[in-house]
Amino acid sequence: MAQWTGVAGKQVLITGATRGIGLAAVQALAEKGARLAIVARSDTRAAEASERIARASQAGWGPAAPVDVLVADLASQASVRRLAAEVLERYPRLDVLINNAGAVHRDRQLTEDGIELTWAVNQVAPFLLTTLLLGRLEQSAPARIVTTSSDAHRGAHIPFDDLDAEDLYRRRSSRVAAGFARYGQTKLANILLTAELARRLEGTSVTANCFHPGLVATGFNRNNGTLMSLAMTLIRPFTRTPKKGAETLVWLADSPDPAGEQGGYFVDKRRVAPSAEAQDSDAARRLWAITEEQVRQSAAAR
């Protein structure tokens with residue numbers, strides 16, 4: 001088995017990289033010599049990201065190669081499929097896939113695929129993108145898949161009887177509470193699907209792990225009205241910087257240290273036990289099958 005030698009010269013694809021810990025990770029990985037392709041939600045976000053990267057480059061971290069900016073709406077499975085097709089066409093190798101994009105929504109919304117929005121972006125999109133690119137990752141092995149989860153998963157349960165969160169949003173007296181509860185469900189799903197993916201990758205040289213970045217001071221959750229924005233402002237003194245939040249992500253992508261790790265949940269570069277619900281292998285397999293069906297139904301409807 002080939003040894004992992006870090007990201008220098010390797011092709012890395014990262015979603016959610018236009019701000020926050022994603023952008024901090026791009027800067028750190030570029031410093032290490034990675035060849036980077038980042039995913040932006042829109043042309044406007046892509047332009048903003050390019051400008052931020054250019055400013056950072058002028059400040060001295062200069063990437064070894066140009067950073068490619070790809071555009072995809074992760075709420076749309078068709079857009080995720082187009083993104084994967086573009087990646088496969090443009091990059092003969094893919095050494096690291098980082099599923100970092102995530103969102104929380106105060107109000108229940110359905111996507112064009114008929115899936116609740118937070119679930120679609122945080123859970124279905126990384127599943128679909130990963131499975132579409134898995135063959136290329138296996139061809140490029142040793143390769144790594146890193147997914148951003150959260151300690152918000154603790155206390156959450158997978159709502160197998162309420163996947164579109166109708167009951168959740170109806171039961172909660174506060175839309176803010178419902179939004180955070182839904183976010184926790186998706187972060188639990190990230191851990192379960194990482195564990196199931198790791199099981200399926202046994203015998204290959206592709207690893208799959210996830211991590212908790214800590215409470216980070218970013219623009220996250222500023223899109224949900226005054227109350228949620230105020231909440232984020234109030235907790236800001238207790239948060240860490242995006243650079244600090246990105247440290248474990250960068251370590252999982254670059255360092256030889258976690259080379260033998262598979263299906264782990266990491267906090268501050270240490271593997272820790274997630275919640276009991278996140279260690280339920282039966283739930284992981286069931287969730288995998290359900291998510292496969294969700295993407296299959298969407299593809300069949302087109």
A.B. asks: With side chains defined as the heavy atoms from C-beta onward, is the minimum distance between H153 and S275 less than 4.5 Å?
C.D. replies: yes
A.B. asks: Roughly how far, to the nearest 0.5 Å, is the CD1 atom of I21 from the NZ atom of K243?
C.D. replies: 14.5 Å
A.B. asks: Kindly indicate whether the side chain of R35, heavy atoms from C-beta on, has any atom under 4.5 Å from the side chain of R93.
C.D. replies: no
A.B. asks: Distance check, rounded to the nearest 0.5 Å: L215 atom CG versus K244 atom NZ?
C.D. replies: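 With rounding to 0.5 Å, CG (L215) is 14.0 Å from NZ (K244).
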A.B. asks: Should the heavy atoms of other residues, nucleotides or ligands under 6.0 Å from CZ of R41 be counted, would the total exceed 12?
C.D. replies: no
A.B. asks: Side-chain contact test, heavy atoms from C-beta onward, threshold under 4.5 Å: evaluate it for R182 versus H105 and give yes or no.
C.D. replies: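 With C-beta onward as the side chain, the pair stays apart.
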A.B. asks: Apply side chain to side chain donor-acceptor pair (under 3.5 Å) to Q27 and E31, showing your working.
C.D. replies: CA-CA 6 Å; Q27 295 177 6; E31 287 177 342; over 6 Å; no
A.B. asks: Below 4.0 angstrom, N of the basic side chain to O of the carboxylate: do R170 and D162 qualify?
C.D. replies: no
A.B. asks: Quickly, which of T147, I98, D254 forms a side chain to side chain contact (heavy atoms under 4.5 Å, CB included) with L249? Name it, please.
C.D. replies: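 Single side chain to side chain contact (heavy atoms under 4.5 Å, CB included) partner of L249 among T147, I98, D254: I98.
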A.B. asks: Could R82 and E86 be called an ion pair, given the rule that one side-chain N must be under 4.0 Å from one carboxylate O?
C.D. replies: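 E86 and R82: not salt-bridged.
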A.B. asks: Do E261 and T207 have side chains that get closer than 4.5 Å, going by heavy atoms?
C.D. replies: no
A.B. asks: Please name the residue in the list V39, L70, T148 that meets the side chain to side chain contact (heavy atoms under 4.5 Å, CB included) test with T15.
C.D. replies: V39
A.B. asks: Are the side chains of R108 and R175 in touch, meaning some heavy atoms are under 4.5 Å apart?
C.D. replies: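 Not touching, per the 4.5 Å side-chain cut-off.
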A.B. asks: Hey, is the main chain of Q123 close enough, under 3.5 Å, to the side chain of T186 for a donor-acceptor pair?
C.D. replies: no
A.B. asks: Quick one: pull up CZ in R154 and NE2 in H212 and give me the separation to the nearest 0.5 Å.
C.D. replies: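 Reported to 0.5 Å precision, the distance equals 8.5 Å.
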A.B. asks: Would you find more than 12 non-hydrogen atoms of other residues, nucleotides or ligands less than 6.0 Å from E89 atom CD?
C.D. replies: no
A.B. asks: Hey, would you say the W251 and F211 ring centroids sit under 6.0 Å apart?
C.D. replies: no
A.B. asks: Is a side-chain donor-acceptor pair under 3.5 Å present for S76 with E112?
C.D. replies: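 Checked: E112/S76 side chains pair up, N/O donor to acceptor below 3.5 Å.
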A.B. asks: Between CG of L163 and CD1 of I290, what distance do you get to the nearest 0.5 Å?
C.D. replies: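 Going from CG on L163 over to CD1 on I290, the span is 5.5 Å.
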A.B. asks: To the nearest 0.5 Å, what is the distance between CG (N190) and CG (N122)?
C.D. replies: 6.5 Å
A.B. asks: Less than 6.0 angstrom from the centroid, inside 45 degrees of the normal: does R286 satisfy that with respect to the ring of F160?
C.D. replies: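 Yes, a cation-pi geometry.
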A.B. asks: Check each of L137, D95, V96, V87 against L13 using the side chain to side chain contact (heavy atoms under 4.5 Å, CB included) test, and report the only one that passes.
C.D. replies: V87
A.B. asks: Quick check: do W288 and T131 have side-chain heavy atoms less than 4.5 Å from each other?
C.D. replies: yes
A.B. asks: Going from OG1 on T5 to NZ on K10, what distance comes out if it is rounded to the nearest 0.5 angstrom?
C.D. replies: 3.0 Å
